[in-house]
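Quantities reported herein were computed from a predicted structural model and do not represent experimental measurements.
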Amino acid sequence: MEQERISVGFASSSGEITIEIYKQRYVIQDCELFVRQLILVLGDQLDHDSAAIQKLDPEQDAVWMAEVVEEATHVWCHKLRLAAFFSAMRHFRDELRERGAKVLYHELSENSDNDRGGTFSEVLAFTVEEQQPERLVVLEPGDHRVLQSITEFADSVSIPLKVVRDNHFYCGIDEFQEWTDGRKRIILEDFYRHMRKKHDVLMDGSDPVGGEWNFDSDNRQSFGKSGPGKIKAPRSFQTDQITQEVIQMVEKRFADHPGSTGDFDLPVTHEQARALLRDFIKYRLPEFGTWQDAMWTDRPFLHHSRISFALNVHLLSARDCVWAAVEAYESGAAPINSVEGFVRQILGWREFVRGIYWQQMPEYIELNALECDRDVPQAYWDGETEMACVRDCMQSVIKHGYAHHIQRLMVLGLFSQLLGVHPRKFHDWHMAMYLDAIDWVSLPNTLGMSQWGDGGIVGTKPYCASGNYIHRMSNYCSGCRFNYKESTGEDACPVTTMYWHFLDRHRDRFQNNQRMKFQLKNLDRKSEEEMQAIRERAEFVLEEFG
Ligand code: FAD
Ligand code: SF4
């Protein structure tokens, strides 16, 4: 066998993301070649139109899929997350087989004796040994660690690896790099406008439809005393035999993992995912924009879509989501502030954070701009706390593996940031507890947007606020034993105390940040006596709630 080593670089400012591939010419003598291409389909790549399997030749190629213990335990995964991934994978496996593909599938069973190895590489090595493929093919993975492990594996067994560009995103990794090249500022708003123009989404010639690029000022309403009223809940789906078997396996093998599977009602097929999208467009999109920042006790979904799991494992396509929303606007079924708000999340934020992830990795995961070192609070695992806001959000996370954006950003993320939780630990926790968490999307949102661990790459200032914000956007404070207005004393709201403490301890760092000026000015108004009382109360909060 002759080998020529070549490098395929992912465009990266740091030049770190480089895949090394062996180009080989096989001289086949004794060994019989069973499989030409072994196409690796990962748990978040469940799409028949995926560029990696579009050209699959069932006569010569095989698909490889694996449920691997390492992927379920490298962070301590929520049971519902495990069950959702494995069930969707098994359904996709069966669909591929029905379409005539040869699928080599490693299934976890209740008994670990049946495993062909605990790690991705061990299980893959088994298949490679058995099938002697000519080359491995994989769609760009959504996790730098996984890409690295596949690359190292291919390297170790000297098999050529083809990494296929992921066709599920509007913006390729290299294209994002090109867009950032030479720019003074890399901000979502500029990127989003570029994407709108490039893909002709909600455009009227060169102007935005509705005359504005952004309807955020219409989209920050809270419900007021009367609450959200009746909103049709997102479509839920009954478990079938495959899902029930998966749940049984997960409950047995991962019994000590957090969360529960008792309320499993998720889409696990493309058909179900499309039904979930249709249901959102019809019933909740029209008011999505107006209420997208609002929160209410025991109402986890409100006007949100709950599509992120289906979208991130490619049971749904981002283009279908954007088209469906635009169509709703064009037919008069939904107003521009809602449709633009939804499109901004998918065509804007979702694509933007993916670009940042691949541009900044692998260094990005190590960033810790605010030099934090604390663990996530125990309440983030079990939901047990007197803080009504944290308790309500955590109940949704434990039950559904879900919290909506503002609950993530302005309750759980905010409190973690104010406490000084290490951003990587917050990300690991998020990866463990949320159904939709894949590294490329979780990391820039957690470490970057929410914890400001990247020092301003994703957002220009930390999202820090006092209990007053939570009071304004929810009914949490009215049912809480603490007082959102108080920062000292027995009834002091832990969020408010820690807000002032956060500003106090980072005062020097943010002195020159124009967007923090107003908050720091308010801090300056506090007397030294008051600040001392806040510092003392903060010690108590860190002890009790940290
Ligand atoms: P909706 O509110 O209905 O929004 C529609 C869609 O827009 C979402 O499904 C999602 O695909 C997209 N979207 C919205 N905001 C973002 C964003 N900031 N980044 C990327 N996509 C976005 N989203 C994930 O998909 N996976 C994650 O791991 C993830 N981690 C997050 C961590 C934190 C700390 C924060 C603040 C946000 C995170 N998000 C993540 C973004 C957002 O909170 C979720 O996409 C959203 O809450 C999912 O619920 P939904 O499907 O009902 O979304
Ligand atoms: Fe949360 Fe403070 Fe409001 Fe209680 S008073 S719900 S802790 S913000």
Salt bridge (Lys or Arg N to Asp or Glu O under 4.0 Å) contacts touching [range] (sequence neighbours left out):
| range | answer |
| --- | --- |
| residues 435-452 | Arg408-Asp436 |
| residues 351-361 | Glu140-Arg354 |
| residues 227-239 | Lys232-Asp279 |

Q. Please walk me through it: do Ser50 and Val41 pass side chain to side chain contact (heavy atoms under 4.5 Å, CB included)?
A. CA-CA 9 Å; Ser50 158; Val41 172; over 6 Å; no
Just list the side-chain donor-acceptor pairs under 3.5 Å for residues 260-273, sequence neighbours left out, or say none.
residue	atom	partner	partner atom	Å
Thr261	OG1	Glu251	OE2	2.5
Asp265	OD1	Arg306	NH1	3.2
Asp265	OD1	Arg306	NH2	3.1
Asp265	OD2	Arg306	NH1	3.3
Thr269	OG1	Gln272	N	3.1
His270	ND1	Glu95	OE1	3.3
His270	NE2	Leu46	O	2.6
Gln272	OE1	Val268	N	2.8

Q: With sequence neighbours excluded, tell me which residues meet side chain to side chain donor-acceptor pair (under 3.5 Å) with Arg374.
A: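 For Arg374 there are no side chain to side chain donor-acceptor pair (under 3.5 Å) partners, ignoring immediate neighbours.
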Q) Regarding Arg350 and Asn312, is there a side-chain donor-to-acceptor distance under 3.5 Å anywhere? A)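 Yes, side-chain donor-acceptor contact under 3.5 Å.
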Q. Side chains of Ser442 and His427: is there a donor and an acceptor less than 3.5 Å apart?
A.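 Yes, His427 and Ser442 have a side-chain donor paired with an acceptor closer than 3.5 Å.
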(Q) Quick check: Phe301 with His400 (ring centres under 6.0 Å apart)? (A) yes
Show me the donor-acceptor pairs, under 3.5 Å and distance only, between side chains in residues 412-423 and residues at least two apart or in other chains.
residue	atom	partner	partner atom	Å
Ser416	OG	Gln451	OE1	3.0
Gln417	NE2	Ser450	O	3.2
His422	ND1	Arg424	N	3.1
His422	NE2	Asn368	ND2	3.4

(Q) For the OG1 atom of Thr496 and the OH atom of Tyr469, what is their distance to the nearest 0.5 Å? (A) 14.0 Å
Q | Between NE2 on residue His304 and CG on residue Leu285, distance to nearest 0.5 Å | A | 12.0 Å
Q: Would you check if the side chain of Gln407 reaches a backbone N or O of His404 as a donor-acceptor pair within less than 3.5 Å?
A: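 Yes, the answer is positive, given that a donor and an acceptor are paired below the 3.5 Å cut-off.
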Q) Does Asp392 use its side chain to pair, donor to acceptor, with the backbone of Asp298 at less than 3.5 Å? A)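 Confirmed, Asp392 side chain pairs with Asp298 backbone.
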